[in-house]
Enquirer: 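Have a look at the structure that comes next, please.
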Amino acid sequence: MFAYNLLHAERPIAEPEDRPAITLLPAQIGLTGLRDRVSTMLYVLMAAVVIVLLIGCANIAGLLLARAAARQKEIAVRLAIGAARARPGRFRA
């Protein structure tokens with residue numbers, strides 16, 4: 001009732017232009033429009049993260065290859081005498 005009197009009384013206190021309004025914007029613009037200024041920095045940051053992840057994956061692959069190369073002679077001897085590939089006591093049931 002108060003809102004009705006506010007706009008439709010003999011002397012309205014508030015004008016129709018004073019009413020709150022909701023404006024819908026596309027989500028691509030963002031709330032403050034900062035997307036255009038920040039997007040290039042985010043792409044640079046994303047590229048840096050990808051490079052760091054690739055370096056980490058290459059390091060892990062190198063470590064696995066080095067360990068396999070170090071065990072190659074041991075595995076060859078084990079296979080020659082008929083033993084299993086796994087080290088003794090490694091996988092206990």
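All values below were derived from every heavy atom in this structure, side-chain atoms included, with hydrogens, water molecules and symmetry-related copies excluded.
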Enquirer: Could you identify which residues cluster with V49, counting Ile, Leu, Val, Met, Phe, Trp and Tyr as linked when any side-chain heavy atoms lie under 4.5 Å apart, either directly or through a chain of such contacts?
Expert: L53

Enquirer: Under 4.5 Å side-chain heavy-atom separation, chaining through any Ile, Leu, Val, Met, Phe, Trp or Tyr, what else clusters with L54? Say none if it is isolated.
Expert: V50

Enquirer: Quick check: do V44 and M41 have side-chain heavy atoms less than 4.5 Å from each other?
Expert: no

Enquirer: Name all residues meeting the side chain to side chain contact (heavy atoms under 4.5 Å, CB included) criterion together with L63; count only those two or more places apart in sequence or in a different chain, and write none if there are none.
Expert: none

Enquirer: List the residues meeting side chain to side chain contact (heavy atoms under 4.5 Å, CB included) with I55, not counting sequence neighbours, and say none if there are none.
Expert: I51, N59

